Student: 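One structure, as structure tokens, below. Some questions next.
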Amino acid sequence: EDNLDTQANANADANANANANLGINANAKGSLLSLFNIKENTQCTFRGTKDGVTSLGTMYISADGSMSGDFTTTKAGASTESHIVVKSGTAYVWTGSQGAKMSVSNLTGSANANAQTKNYVDLSSQVDYECKSWVPVSSKFNIPSSVTFVDIDAMLKGNIKLPGTN
């Protein structure tokens, strides 16, 4: 019985350390890309300012790796709302009725792809965030049918061009 209690305490300590390192139930500073490493049901609010641009919003993370985020970016008094949904290995980012989609591996590993997403939200910019446990709501991970998504993976391979380019 003592071994079970000791093991339970060790597991609790390991979980607490992992949560502290990932920023769950704590305040932290990091990039929004760093939140891709959290594989727990978590809700994170964030705020950051860089080069006169203020970004704030909420990220919703599911233990299965799905993510959703709603962002407001303000520059010189003008605000823009952007969104992201990550599910089944694909990231969708959009503002209004225009967006981009790409594999998560390209989003997190390609400077070129990350540059493309900066039109919507800068995922590599450092922000202050606070995370807490969250019970997932499946509607947070729906891809809107009213948005036209440019396929960044195909564009990086040279198969398609952005609208308005030759």
Side-chain angles (χ1 to χ4, degrees), residues 22-24 28-131 134-166:
L22 294 172
I24 299 170
K29 186 171 189 85
S31 71
L32 293 177
L33 280 176
S34 68
L35 299 178
F36 279 73
N37 296 321
I38 300 175
K39 300 290 191 228
E40 296 186 36
N41 297 328
T42 308
Q43 175 183 336
C44 299
T45 55
F46 67 89
R47 179 181 185 85
T49 301
K50 181 179 177 182
D51 300 329
V53 178
T54 300
S55 299
L56 56 95
T58 304
M59 292 289 290
Y60 302 91
I61 304 158
S62 176
D64 70 3
S66 298
M67 297 178 71
S68 171
D70 301 305
F71 317 100
T72 301
T73 305
T74 305
K75 181 176 183 176
S79 294
T80 302
E81 290 188 16
S82 299
H83 312 276
I84 185 170
V85 169
V86 177
K87 69 184 209 179
S88 303
T90 302
Y92 301 83
V93 292
W94 71 95
T95 297
S97 62
Q98 296 296 311
K101 71 177 182 177
M102 72 197 75
S103 67
V104 171
S105 60
N106 274 344
L107 178 69
T108 59
S110 167
N112 195 11
N114 201 8
Q116 293 293 333
T117 65
K118 285 185 180 182
N119 292 330
Y120 305 98
V121 64
D122 186 352
L123 297 175
S124 60
S125 182
Q126 295 291 302
V127 296
D128 295 309
Y129 60 87
E130 180 178 348
C131 298
W134 175 67
V135 177
V137 177
S138 62
S139 64
K140 280 285 178 198
F141 307 108
N142 291 341
I143 308 303
S145 59
S146 60
V147 175
T148 302
F149 292 97
V150 172
D151 188 333
I152 299 295
D153 292 334
M155 188 183 75
L156 290 174
K157 292 176 185 172
N159 296 335
I160 64 171
K161 298 184 185 299
L162 284 173
T165 63
N166 293 327

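Numbers for residues simply follow the sequence, beginning at 1. The analysis underlying the following values was restricted to heavy atoms, covering all of them including side chains, and did not include hydrogens, waters or symmetry mates. On a predicted model such as this, the values are computed, not experimentally measured, just so you know.
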Student: Are the side chain of N41 and the backbone of V135 linked by a donor-acceptor contact shorter than 3.5 Å?
Tutor: no
Student: Which heavy atom in A100 sits nearest to a heavy atom in I152, and how many Å separate them?
Tutor: CB-CG1, 3.7 Å
Student: To the nearest 0.5 Å, tell me how far Q43 CD sits from S62 OG.
Tutor: 13.0 Å
Student: Should the ring pair W94 and F149 be called parallel, tilted or perpendicular, given that the plane angle runs from 0 to 90° and is split at 30 and 60?
Tutor: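 Perpendicular: the ring planes of W94 and F149 meet at over 60°.
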Student: Could you tell me the separation between the SG atom of C44 and the CE atom of M67, rounded to the nearest 0.5 Å?
Tutor: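 Nearest 0.5 Å value for the SG-CE distance: 7.5 Å.
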Student: Roughly how far, to the nearest 0.5 Å, is CE of M59 from OG1 of T45?
Tutor: 12.0 Å
Student: Can you tell me how far the CG atom of D153 sits from the OG1 atom of T90, to the nearest 0.5 Å?
Tutor: 7.5 Å
Student: Can a donor-acceptor pair be found between the side chains of T95 and S82 at a distance below 3.5 Å?
Tutor: yes
Student: How many angstroms lie between CD1 in I84 and CG in D70, if you round to the nearest 0.5 Å?
Tutor: 10.5 Å
Student: Any side-chain to backbone donor/acceptor pair from T42 onto E40? Under 3.5 Å, distance only.
Tutor: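 Checking the backbone N and O of E40 against the side chain of T42, a donor-acceptor pair under 3.5 Å is found.
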Student: Where is the tightest heavy-atom contact between G96 and V147, given as atom of each residue plus distance?
Tutor: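 Minimum heavy-atom separation between G96 and V147: O-CG2, 3.5 Å.
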Student: Listing request: all side-chain hydrogen bond (donor to acceptor under 3.5 Å, both in side chains) pairs with a residue in residues 135-144, at least two apart in sequence or in separate chains.
Tutor: none
Student: So S79 and T74, side chain to side chain donor-acceptor pair (under 3.5 Å) or not? Walk me through it.
Tutor: CA-CA 4 Å; S79 294; T74 305; 3.0 Å; yes
Student: Sequence neighbours left out, what passes side-chain contact (heavy atoms from CB on, under 4.5 Å) with T54? Give chain and number order.
Tutor: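 Result, side-chain contact (heavy atoms from CB on, under 4.5 Å) vs T54: R47, T49.
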Student: Tell me whether K87 contacts the main-chain N or O of F141 through its side chain, where contact means a donor paired with an acceptor under 3.5 Å.
Tutor: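 Yes; judged by distance alone, with no hydrogens or angles, the pair exists.
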Student: Can the ring centres of F71 and F46 be said to be less than 6.0 Å apart?
Tutor: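 Yes: the rings meet the under 6.0 Å criterion.
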